[in-house]
Amino acid sequence: MRLRLTALGALAATLLGLALSGPAQARPQNPPGARMAWAACPEAPEDPALRCGRMTVPVDWADPDGPALDLALVRRAAADTSRRIGVLFHGQGALGGSGVDAVLHNPQLFSAGTSSRFDLVAMDVRGTGRSNPVLCDAAAYPGGVPAVPATAAQFARAVEAHRAFADTCRSLTGPVFDHMDSRSVARDMDAARAALGERQLSFYGDSFGTLTGQAYAELFPTRLRTAVWESNLDHTVDLSRWVADRSAAVEDSFRGFADWCDRTPSCPQRAGGTARWYDRLHAKAERGELTATVPGAPPFTLDGYLLSTQVSFFFFQRRWAELSDCLTQVDADRTGCLFGGGGEQGAAAMALPPGTLHHPQSAAFCADHRMPVNGVADVLRLREVALANAPHTGLTAVAWGAVTDCLGMTGETRNPQRPLRLGGQAPTVLLTNSRHDPSMPHRWAERVTAQAFPKARLLSYEGWGHGSYWISDCVRAQVDRHLAKPQAWTPPRTSCPGPPEP
């Protein structure tokens with residue numbers, strides 16, 4: 001199992017189309033909290049509802065007179081100004097994803113009712129997109145090291161390769177590379193609130209964006225009107241629990257797919273059992289008998305790690321029929337379908353300086369998570385944890401990325417794991433989570449709800465996929481109601497049905 005630049009690094013770099021800005025400045029050019037100047041967005045100059053702006057914040061909020069960076073923001077005005085409630089801040093869920101692009105290119109990010117009553121605001125968080133993006137030397141990407149070092153020598157080489165790569169990122173990016181934790185992002189968000197002239201904001205965050213929401217609720221409870229956290233991250237899990245829980249989540253989604261395929265006449269993998277069919281395909285990949293074909297990259301061997309990683313992405317939107325068709329092609333060594341559809345719809349092509357790679361994921365993740373791997377024995381133990389929880393899908397980047405992402409990081413973990421604590425001044429928060437989420441397990445939402453008690457309400461979607469707002473009419477109605485009327489009574493735990501199974 002090997003990490004490859006073409007498969008993981010280059011694909012991650014092109015996940016979203018982003019326009020880049022310069023490195024951190026020496027001093028803030030306008031004080032935090034100053035009103036922001038808005039102008040037409042270059043990507044949509046004819047849309048009167050859209051306005052883009054920039055604001056300057058300290059790289060280190062503990063050193064407000066030190067280096068600073070510019071943050072890019074976007075605002076889509078409420079459609080019905082006579083019924084406007086306020087600002088709804090959208091917390092982008094994908095590590096490294098562009099919040100600005102999400103609003104620019106998706107006018108239906110929320111329902112018409114919610115969009116009519118809120119100004120929707122988002123930013124490219126520090127280190128991403130237009131906000132001092134993390135840049136790294138593409139040639140230094142550790143694509144040749146094993147994903148699972150099997151000897152002490154391999155582990156030492158892996159640590160050194162990851163450290164050398166991180167050093168290029170720090171050098172090319174500047175000081176923001178070591179200040180990408182969610183609590184800093186939450187402080188940036190509060191500076192944006194002040195710059196908007198708003199006494200309070202409402203917040204909707206999904207996936208990794210829920211960690212920013214948790215931090216904001218702790219730091220600024222009286223400035224938070226209400227919040228919805230969807231697909232929740234539990235910030236108490238250690239590395240072993242992370243690997244176990246996320247491996248089990250991918251396996252659970254695979255079993256849902258396999259059960260569906262077994263009872264669907266049009267599914268070609270059903271003969272003899274879908275799970276056994278996939279086991280044979282995975283073994284074929286592990287023997288080096290499959291070739292990966294990625295646009296813009298030379299062909300390379302598709303191993304079991306990369307196969308299951310790409311398969312897991314189909315589970316995020318419950319694309320089971322599409323996955324069935326794709327696996328038939330993969331079995332015939334036509335693997336391009338595994339790598340199609342990367343990137344946000346409508347996003348522009350990423351403009352990168354020559355020889356660089358946009359890779360903020362490790363810096364952001366490791367600023368919020370202390371995930372020590374102390375040697376090859378730890379690696380092999382964690383491998384067994386993953387395999388015990390995912391006997392069919394095995395290792396995937398969804399779970400295993402936490403093992404390798406922080407190997408070469410030498411900076412401080414500024415926001416390490418700890419339980420969430422909401423004080424009496426915090427508003428009631430609505431948590432939503434799919435029962436069968438391949439990325440953020442439902443048990444994590446249960447734990448966060450318990451930590452935030454009595455300020456949290458849990459709405460479970462009894463279906464499949466990562467996120468449920470646009471999947472379930474029931475979830476969407478309850479989320480919209482909570483955003484509009486957070487004071488309305490909501491039971492501590494409730495659920496929405498999943499789709500009828502064939």
Side-chain angles (χ1 to χ4, degrees), residues 3 5 8-10 12-16 18-28 56-72 94-98 124-145 155-185 187-188 208 211 350-373 401-416:
L3 298 170
L5 173 61
L8 299 179
T14 57
L15 182 61
L16 295 172
L18 306 168
L20 303 182
S21 65
Q25 306 162 10
R27 295 277 179 182
T56 304
V57 297
V59 169
D60 183 355
W61 278 97
D63 182 17
D65 295 323
L69 73 144
D70 279 346
L71 296 176
L95 282 179
S98 169
D124 284 353
V125 302
R126 49 178 56 215
T128 69
R130 303 158 180 82
S131 301
N132 197 156
V134 171
L135 297 178
C136 309
D137 184 350
Y141 185 83
V145 301
F155 179 78
R157 286 195 297 271
V159 171
E160 180 53 37
H162 282 275
R163 180 178 294 122
F165 178 64
D167 286 346
T168 74
C169 304
R170 183 175 288 106
S171 175
L172 289 170
T173 304
V176 73
F177 181 79
D178 292 306
H179 294 270
M180 290 184 59
D181 59 285
S182 291
R183 291 178 81 82
S184 292
V185 174
R187 294 184 184 280
D188 295 344
F208 283 93
L211 193 52
M350 188 175 193
L352 286 171
T356 64
L357 178 69
H358 180 46
H359 189 78
Q361 291 86 351
S362 294
F365 179 79
C366 302
D368 284 325
H369 294 87
R370 186 173 289 134
M371 299 294 201
V373 182
V403 178
T404 57
D405 277 355
C406 302
L407 281 182
M409 300 296 289
T410 57
E412 177 186 354
T413 303
R414 296 185 175 274
N415 182 34

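Values below: all heavy atoms of this structure, side chains included; hydrogens, waters and symmetry mates excluded. Note that the coordinates shown come from a computational prediction; the quantities given were computed from them, not determined experimentally. We number each residue from 1, following the sequence as shown.
- We find the CG-SG distance between D167 and C136 to be 10.5 Å, quoted to the nearest 0.5 Å.
- In plain terms, the two heavy atoms of R414 and D178 that are nearest each other are NE-O, 2.7 Å.
- Side chain of D124 to backbone of R130: a donor-acceptor contact under 3.5 angstrom is found.
- Once rounded to the nearest 0.5 Å, the distance linking CZ of R170 with OG1 of T410 reads 4.0 Å.
- When all heavy atoms are compared, the tightest approach of H359 to S362 is NE2-OG, 3.5 Å.
- Residues L69 and V57 are in side-chain contact: their nearest non-hydrogen atoms beyond the backbone lie under 4.5 Å apart.
- One distance of note links NE2 of H358 with SG of C169; it measures 11.0 Å at 0.5 Å rounding.
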Test log, rule side-chain contact (heavy atoms from CB on, under 4.5 Å), inputs F177 and L172: CA-CA 9 Å; F177 181 79; L172 289 170; over 6 Å; no
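- Of all non-hydrogen atoms in A363 and M409, the two that sit nearest each other are CA-CE, 3.8 Å.
- Of all heavy-atom pairs between F365 and F208, the closest is CD1-CE2, 4.0 Å.
- Contact annotation: the side chain of L352 never approaches that of L357 to less than 4.5 Å [non-hydrogen atoms, C-beta and beyond].
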Residues S184, R126; criterion side-chain contact (heavy atoms from CB on, under 4.5 Å); working and verdict: CA-CA 9 Å; S184 292; R126 49 178 56 215; 3.9 Å; yes
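- Between D188 atom CG and R183 atom CZ the span is 13.0 Å, to the nearest 0.5 Å.
- In this structure, a donor-acceptor pair under 3.5 Å is present between the side chains of D368 and S182.
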Criterion side-chain contact (heavy atoms from CB on, under 4.5 Å) on V145 and H162, from CA distance to verdict: CA-CA 9 Å; V145 301; H162 282 275; 4.0 Å; yes
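- Considering every non-hydrogen atom in both P58 and D63, the closest pair reads CB-O, 4.2 Å.
- Residue T173 comes nearest to V134 through the heavy atom pair OG1-CA, 3.3 Å, listed as atom of the first residue, atom of the second, then distance.
- The residues R157 and E160 are annotated as not salt-bridged, no charged nitrogen and carboxylate oxygen being separated by less than 4.0 angstrom.
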